[in-house]
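Take a look at the structure set out below.
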Amino acid sequence: MNGCGNEILVVDMRETDARIRPEAARTLAAGPETHFDQIMAIHRPATPGTDAYVRIINADGSEAEACGNGTRCVVQALAAETGRTGFTFETRAGLLLAEEHADGTISVDMGKPRFSWQDIPLAEEFRDTRAIELQIGPIEAPVLHSPSVVSMGNPHAVFWVKGDVGSYALDRFGPILENHPIFPERANVSIAEVTSPSSLIMRTWERGVGLTRACGSAACAAAVSAARTRRTGREVAVTQPGGTLTILWRDDDHVVMTGPAEWEWSGRLDPETGDYLRDAPAESHAEREIG
Ligand SMILES: N[C@H](CCC[C@H](N)C(=O)O)C(=O)O
């Protein structure tokens, strides 16, 4: 599936106690057909009252606490299977509520942002995380500097720029910033331009992945950081290379992300090895029709 071009493998693990091994994930990520940004592995619920436990695996085999675009894909898959529209998932970062709307778009309550340096986490104390001391490029003329940092369950840094976000070499700066010692758990790194009090344009270098066409939690991170620094209001349209998400930072502090999800093809997967067999197009289409 994909969520705004964020490439997602949704894997149904509800009938097995197995886990997808990191080696299997890396093999799948390296394959031209199965290349992905995140695997969303749907496991049986661990907590009463939840619909599933979802493990999120990055292309490098590491685990993430949150993935907004992938969560919308899981909702669409389970809504097609069950005819239900509302779901509660458990992830490493806690519980997520999600809902499919009549128009097919999906909203996910991504929880509350956390701003303290220990929560992001940062390696040293910063009292004000709206802009921390961190820069790239020459000391007297940095190319990027003073990012806002926030945890959406996972760590994010957002650099504010004026002008075309596409003109920055995020492919070069991304790995340096992702692995900068200030981020003991690494970080997802975005550059964002404010285009109006209710819109942003951004690109993201994802932790454990690289450049992606969209990142839901990064869109949330940029939206709350923009509102927190009075660059925008609390509801913004966030445009990334793969599409646009609407982010609302509600008065109760929860961040709600709304956007599309798209099914592409299905198959069968060996979670130990990453070997897979793609369904014949007709078969997968039929499966889709009957949910
Ligand atoms: N694509 C995801 C984010 C994955 C985050 C992951 N790269 C990490 O935190 O390690 C999203 O839509 O939110």
Side-chain angles (χ1 to χ4, degrees), residues 1-11 20 22 25-26 29 35-41 54-77 89 91-94 96 98 105-114 119-122 147 149-158 170-171 174-175 177-180 183-190 192 200 202-225 238-247 254-262:
M1 301 185 73
N2 76 81
C4 278
N6 209 181
E7 296 175 32
I8 309 290
L9 287 188
V10 177
V11 186
I20 296 168
R26 287 193 286 269
H35 177 266
F36 69 87
D37 301 325
Q38 272 81 41
I39 290 177
M40 306 296 284
V54 181
R55 272 181 76 221
I56 305 166
I57 306 167
N58 286 319
D60 71 351
S62 65
E63 274 195 54
E65 303 85 349
C67 175
N69 290 330
T71 303
R72 293 199 315 282
C73 293
V74 172
V75 169
Q76 192 188 79
F89 303 124
T91 70
R92 261 169 92 153
L96 287 177
T105 62
I106 294 152
S107 293
V108 182
D109 178 344
M110 300 284 287
K112 299 179 182 182
R114 285 178 297 157
D119 282 339
I120 291 165
L122 301 176
V149 289
V150 52
S151 170
M152 287 304 313
N154 53 352
H156 288 273
V158 181
L170 192 54
D171 55 337
L177 292 163
E178 173 191 358
N179 296 294
H180 192 283
F183 302 119
E185 292 180 18
R186 305 191 281 159
N188 297 286
V189 178
S190 299
L200 303 174
M202 65 185 288
R203 287 168 72 213
T204 300
W205 174 273
E206 284 193 27
R207 174 179 70 168
V209 185
L211 287 176
T212 58
R213 291 178 51 72
C215 177
S217 53
C220 297
V224 299
S225 298
V238 179
T239 299
Q240 300 174 316
T244 299
L245 295 171
T246 305
I247 311 295
H254 284 241
V255 182
V256 179
M257 170 203 66
T258 302
E262 189 182 17

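Counting convention: from 1, in listed order, for ligands and their atoms alike. Throughout, numbering of the chain's residues begins at 1 and tracks the sequence.
Nearest non-hydrogen protein atom to atom 12 (O) of ligand 1 is G216 N, 2.6 Å. With respect to atom 2 (C) of ligand 1, the closest heavy atom belonging to the protein is C67 SG, 3.1 Å. Atom 1 (N) of ligand 1 has as its closest protein heavy atom N6 OD1, 2.6 Å. Regarding atom 7 (N) of ligand 1, its nearest protein heavy-atom neighbour is R207 O, 2.9 Å. Summary of contacts: the protein heavy atom closest to atom 5 (C) of ligand 1 is N154 ND2, 3.3 Å.
Atom CG of residue L170 and atom CG of residue L211 lie 5.0 Å apart, to the nearest 0.5 angstrom. Taking CE of M110 as the reference point, atom NE2 of H254 lies at 12.5 Å (rounded to 0.5 Å). How far OG1 of T239 is from CE of M202: 10.5 Å, rounded to the nearest 0.5 Å.
Counting heavy atoms under 4.0 Å from ligand 1, residue T212 does not touch it at all. The proximity of A66 to ligand 1, defined as any non-hydrogen pair under 4.0 Å, is limited to the backbone. At a heavy-atom distance under 4.0 Å, no atom of M152 approaches ligand 1. Counting heavy atoms under 4.0 Å from ligand 1, residue N58 touches it through the side chain alone.
Geometrically, ligand 1 and A218 share no nitrogen or oxygen pair separated by less than 3.5 Å. On a distance-only criterion, E65 and ligand 1 share no N/O pair closer than 3.5 Å. In terms of polar-atom proximity, defined here as any N/O pair under 3.5 Å, V209 makes no such contact with ligand 1.
Heavy-atom proximity to S217, at under 4.0 Å, picks out these atoms of ligand 1: 3 (C), 11 (C), 12 (O), 13 (O). When each atom of ligand 1 is checked for a heavy atom of Q38 under 4.0 Å away, the hits are 1 (N), 2 (C), 4 (C), 6 (C), 7 (N). Per-residue contacts place C215 under 4.0 angstrom from the following atoms of ligand 1 (heavy atoms of the residue considered): 1 (N), 2 (C), 3 (C), 11 (C), 12 (O), 13 (O). Listed by atom number, the atoms of ligand 1 under 4.0 Å from A64 heavy atoms are 6 (C), 8 (C), 9 (O), 10 (O). Heavy-atom contacts of G68 reach the following atoms of ligand 1: 11 (C), 12 (O), 13 (O) (cutoff under 4.0 Å). Taking a cut-off of under 4.0 Å to the non-hydrogen atoms of N69, the atoms of ligand 1 that pass are 11 (C), 12 (O).
At a threshold of 4.5 Å between non-hydrogen side-chain atoms, the residues I8 and R72 do not count as touching.
Between the side chains of S217 and H156, at least one donor N or O sits under 3.5 Å from an acceptor N or O. Using a 3.5 Å distance cut-off with no hydrogens or angles, the side chains of Q38 and N58 do pair a donor with an acceptor. E65 and N154 are not linked by any side-chain donor-acceptor pair at a separation below 3.5 angstrom, with hydrogens and angles left out of the test.
Comment: R186 engages D60 in a salt bridge, judged by a side-chain N to carboxylate O separation of less than 4.0 angstrom.
Listed here is the closest heavy atom pair of I39 and A25: CD1-CB, 4.0 Å. Taking both residues in full, the closest heavy atoms of G153 and A93 are given as CA-CB, 4.1 Å, listed atom of the first, atom of the second, then distance. Taking both residues in full, the closest heavy atoms of T212 and E206 are given as OG1-OE2, 3.0 Å, listed atom of the first, atom of the second, then distance.
Residue contacts with ligand 1 leave out D37, since none of its heavy atoms falls under 4.0 Å from the ligand.
A donor-acceptor distance shorter than 3.5 angstrom exists from the side chain of D37 to the backbone of E7, with no hydrogens or angles considered.
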